[in-house]
Amino acid sequence: MGTPPFALSGRRVFVAGHRGMAGSALVRRLTREGCEIITADRKTLDLRRQADTEHFFNREKPDIVIVAAARVGGIKANNDLPVDFLADNLAIELNTIRSSFDAGVRQLLFLGSTCIYPRLAQQPMGEDQLLTGPLEPTNEWYAVAKIAGIKLCQAYRRQYGVRYVSVMPTNLYGPGDNYHPEHSHVVAALIRRFHEAKVSGADSVTVWGTGTPRREFLYVDDFADACVHVLKNYDDEQILNIGVGKDISIAEFARTVATVVGFGGTLAFDLSKPDGTPRKLVDVTRLSELGWRASTRLKEGVALAYADFLRGRATTAA
Ligand code: GFB
C-alpha cells in the first residue's frame, strides 16, 4: 500500500478516555505510529467540566483528538442510570469536540456505538440507517447522546471544513474491560460468572434474558487498529461502522465462554432480565472497501480476555 493520506507520525495525539478499554487499546496501538500521545487522568481533568476542558486543550494544543471518553456500561447500567448516560455523555462530547475546535484541532475521531441504529434496523445495519426508526428503549439515553456527538462532528465539518469523523464500533471486549457483576457488558459478565462457578464448583450458570438475541463482538485491539486505519485513510461526513460482519446468539456465545473458561455445568436463562435489541449485525462493506478487516477470532479473543481477567484477579489478590 502507498503512503496513507493522513500520516500520524510526529503529530500530537490526545486520547480522551485512555484508561477505558477502548482508550487503552488505542494508546497501545498508537505507540507504533511514531506520534506523541497525550493523556490526562480523570483526577486532573474531568471532561464534564467545560472550563477545565477548555483550559486543558488551550494548554496542550494537540494536532489530533480521539474521543474515547464516555460513560459506558451494559444493558442494566444503561437502563438503570438514564441521567448519567445521557447527561455525562452529552457534556463529555460537547466539551471535547468544541474545545478541540477552539484550540485549533483540525482532525478528530469520535467513537459512537451501534446502538445509535433503530431497534428493528434492517440487518446487516448499513450506515444509512441512522435516524430511520425508533431506538431500543434500554439504551436510548446513551444512543441519543452518541447521535448528538455524531451530529456535532458533522456540523463542524459543514460549517468549518475540519476533518471530524465518527466511527460506530460494534460490541467491544478484551483487556481492560469492566467486570462489575451488574453493570458490565455481556462478555465481561459471563467471563466472571463462569469463572466463579468453576472455582466454587457450581452446577449451573445464569445467563440474562432468553439467550436468543444476537450480537457481534469485536476484540478491542482489532478495534484500535481499525481506528488508526480510519485516521490515516478516511475523511468523510458519513459515519463508518467498525465490526467483524458476523454475529452469534447469546446462548451460543455463553457456551463459547464456558468452553474457554473450562466450566462443564449447565446454563439457566433468567427471563426477568431484558434481552435488549434482538439483533445488531453491522454492515462492514464500507470499512472493507477502505482495506481493513478484523483478525482476532472470537474464541481466541475470549481466551485473551479471560487471561486478562485472571491477571486482574491475581493483582487484586496480591
Ligand atoms: O452486552 P450487553 O449488556 O449490551 O448485553 P447490549 C448483550 C446481551 O447479552 C443482552 C445478554 O441480550 C443481555 O440480556 N446477557 C446475558 C447479559 N447475560 C448477561 C449478563 O450477565 N450481563 C449483561 N450485561 N448482559 C449495550 C448497550 O447493549 O451495548 C450500550 O446497553 C452499548 O449502550 C453496548 O451500546 C455496545 O448489546 O444489549
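Whatever order the structure lists ligands and atoms in, that order sets their numbers, starting from 1. A quick note: this is a predicted structure, and the numbers were derived from the prediction, not measured. FYI, side chains are in, hydrogens and waters are out, and symmetry mates aren't considered; it's all heavy atoms of this structure.
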Is R19 paired with D41 through a side-chain N to carboxylate O contact shorter than 4.0 Å? yes

Under 4.0 Å between a Lys/Arg side-chain N and an Asp/Glu carboxylate O for K280 and E136? no

Answer yes when R157 and D235 have at least one side-chain N-carboxylate O distance shorter than 4.0 Å, and no when they do not. yes

Within-4.5 Å side-chain heavy-atom neighbours: V105 and F14: no

Taking the six-membered ring for Trp and the full ring for Phe, Tyr or His, determine whether the centres of H195 and Y306 are under 6.0 Å apart. yes

Pairs under 3.5 angstrom, nitrogen or oxygen on both sides, ligand 1 versus protein: list them out, please.
from	atom 1	to	atom 2	distance (Å)
ligand 1	1 (O)	V186	N	2.9
ligand 1	3 (O)	I75	N	2.8
ligand 1	12 (O)	D275	O	2.6
ligand 1	14 (O)	P274	O	2.7
ligand 1	18 (N)	W208	N	3.0
ligand 1	21 (O)	R193	NH1	3.0
ligand 1	21 (O)	R193	NH2	2.7
ligand 1	24 (N)	S184	O	2.9
ligand 1	28 (O)	K280	NZ	3.4
ligand 1	29 (O)	K280	NZ	3.3
ligand 1	31 (O)	N78	ND2	3.1
ligand 1	33 (O)	N78	OD1	3.1
ligand 1	33 (O)	N78	ND2	3.4
ligand 1	35 (O)	S113	OG	2.9
ligand 1	37 (O)	N171	ND2	2.9
ligand 1	37 (O)	R215	NE	2.7
ligand 1	37 (O)	K280	NZ	3.2
ligand 1	38 (O)	R215	NH2	2.9

salt_bridge(E196, R313) N-O dist < 4.0 Å: yes

